[in-house]
Amino acid sequence: MTAAHTPARPGAEAPPAERPSGARAWTVTALLVVFMMVNFADKSVLGLAADEIRADMGLSATDFGLANSAFFLLFSVAAVVVGLLADRVRPKWLLLGMAVLWSVAQVPAAIGGGLAVLIGSRVLLGAAEGPAFPVAQKATLAWFPDHRRNLPGALITLGVTLGVITAAPGLTWVIHEHGWRAALWVVAAIGAVWAAVWAVWGADGGHRTDDEEDGPAGRAPAWAVPATADRATYRRILGTRTWIGATVAYFTTYWCVALSLVWLPSYLRNGLGHSSGTAGRLIVLPWLLGAVALLGQAWLTGRLMRRGVPSRKARGWVGGSLLLVAAAACLALPLVDGTAAKTVLVAVGFGLGGSFATVAVTTVAELAPAARRGGALGWMNAAVTTAGLIAPAVVGRLVDGQGTAGYQSAALLSGVLLTVGALSAFTLIDPARDIPRLRA
């Protein structure tokens, strides 16, 4: 049954209802991949400079963990607010505003100051970066129909990995040669350059949802609100087993991402005994493995869905399997001896453990009507990024309380959480079951 269309909401600035060209769609996707690269280069600076910052400011592991947790103080709130706003305001301008704020937020700590300035700068940066992933995903997926969203969605998530992989060697060199504050100036400048390019080349897509594609001839933009959207309230979407399952599984992925950014460099140096230079090179291993997993998952999921396999299996089961392997790697750490074996398990555990984001986003994008998609993704991002608020502080306490053994305890805790995430993906995700209930 074809959904009726109503005019766009008053006050919403509707983008041109043009049919998106393939070249333009992929150009915008490429820009947003770089957007996420800059986003995670910003996040990675403190982790790469952990030992230098702690020595410079005389911080304990707990203090440093709390300083990193402060980044997420307003992160979740901003994700919800801007996610809801993305259903009413053109994503192009939201993304531009975020990129500008990222650069501005780096300046106070780059100029100087102590712990209070560093924390304040990170809180502001977190508020500006909180909505980045859901808004970037919404902006990208608007250029593609549902059955073609796995690859672009994976590429946006891959930007996270590429940001760390490309930033780690360069920023590590800057930190060692010029100090950690100089690294903040570097990422601020990169963010400003991206904002200038996006202001010229950025654009909003207007691809119809699957409901709209079955409708009458004459293209309606994705900004038009289907009648079903009025019944599919945010409360009903967030109450579905699919949204809950995707969010729980994604939470465990974000836990791994947060620890990889903040504590993994220190774990490689202090917990596993690698030299600073070796640790700087090894830090890319879990991110590289995660990149391979993301692309493999996108290819396999797309192939399964083209063959008619439902999302419950094509997305939920494939993503859940990756989390299960990651959990096994983390839980196996006490069972092996030797630095090399432990390093491999850490890379597998945190590499595959960070791979569920694309599954979660594309699943919720399938579940939620276009007019509710930004908010549904924003609420999910707000929920999962609380892992970033909790994880650094928890690991800081473990390290202060247990010494280097605290790093392994953190990995074991991550393994338990990943197991919960895998089970949630296997048992709860089923858009085909929940979509009809939202439309009823």
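This structure is a prediction, so every number in the text was calculated from the model and none was measured.
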How far does [atom1] of [X] sit from [atom2] of [Y], to the nearest 0.5 angstrom?
X    : Y    : atom1 : atom2 : result
R315 : Q297 : CZ    : CD    : 8.5 Å
M98  : S103 : CE    : OG    : 13.0 Å
L324 : L423 : CG    : CG    : 7.0 Å
W185 : Q106 : CH2   : CD    : 10.0 Å
R433 : L428 : CZ    : CG    : 7.0 Å
E52  : H176 : CD    : NE2   : 4.5 Å

Inset, instruction - Using a cut-off of 6.0 Å, state whether more than 12 heavy atoms not belonging to W379 lie near its atom CH2. - result: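 No, CH2 of W379 has 12 or fewer neighbouring heavy atoms, counting only those of other groups under 6.0 Å.
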Main chain of [Y], side chain of [X]: is a donor-acceptor contact present, judged purely on distance under 3.5 Å?
X    : Y    : result
S60  : D63  : yes
K138 : P91  : no
W198 : K92  : yes
S121 : V117 : no
T253 : F356 : yes
S69  : I390 : no
R397 : T62  : no
T252 : A249 : yes
T419 : G415 : yes
D434 : T242 : yes

Legend entry - side-chain contact (heavy atoms from CB on, under 4.5 Å) assessment of V416 paired with L331: CA-CA 8 Å; V416 173; L331 295 173; 4.2 Å; yes
[X] versus [Y]: any side-chain heavy-atom pair under 4.5 Å?
X    : Y    : answer
L94  : P131 : no
V123 : I119 : yes
T362 : Q137 : no
V395 : V262 : no
P369 : I237 : yes
K342 : D337 : no
L412 : P334 : yes

Legend entry - Which atom of P392 lies closest to which atom of L259, heavy atoms considered: N-CD2, 4.3 Å
Inset, instruction - Give the intermediate values and the outcome of side-chain contact (heavy atoms from CB on, under 4.5 Å) for residues L158 and L155. - result: CA-CA 5 Å; L158 185 62; L155 290 174; 4.1 Å; yes
Inset, instruction - Examine the side chains of D56 and W180 and answer whether a donor and an acceptor come within less than 3.5 Å of each other. - result: yes
Legend entry - W255 and S414 side chains, donor-acceptor separation under 3.5 Å: yes
Inset, instruction - Evaluate the side-chain contact (heavy atoms from CB on, under 4.5 Å) criterion for residues L322 and V359: first the C-alpha distance (whole Å), next the side-chain angles of each, then the deciding distance (0.1 Å), finally the verdict. - result: CA-CA 11 Å; L322 291 172; V359 175; over 6 Å; no
Inset, instruction - Taking the six-membered ring for Trp and the single ring otherwise, decide whether the centroids of W243 and Y250 are under 6.0 Å apart. - result: no
Inset, instruction - Assess whether side-chain contact (heavy atoms from CB on, under 4.5 Å) is satisfied between T240 and R437, documenting all intermediate values. - result: CA-CA 9 Å; T240 62; R437 297 177 183 177; over 6 Å; no
Legend entry - Passing candidate, side-chain contact (heavy atoms from CB on, under 4.5 Å) with L268, options T278, L285, L282: L282
Inset, instruction - Fit a plane to each ring of W263 and F64, take the angle between them on a 0 to 90° scale, and name the class: parallel (under 30°), tilted (30 to 60°) or perpendicular (over 60°). - result: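 Because their plane-to-plane angle is over 60°, the rings of W263 and F64 count as perpendicular.
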Legend entry - Listed partners of D51 passing side chain to side chain donor-acceptor pair (under 3.5 Å), at least two apart: R269
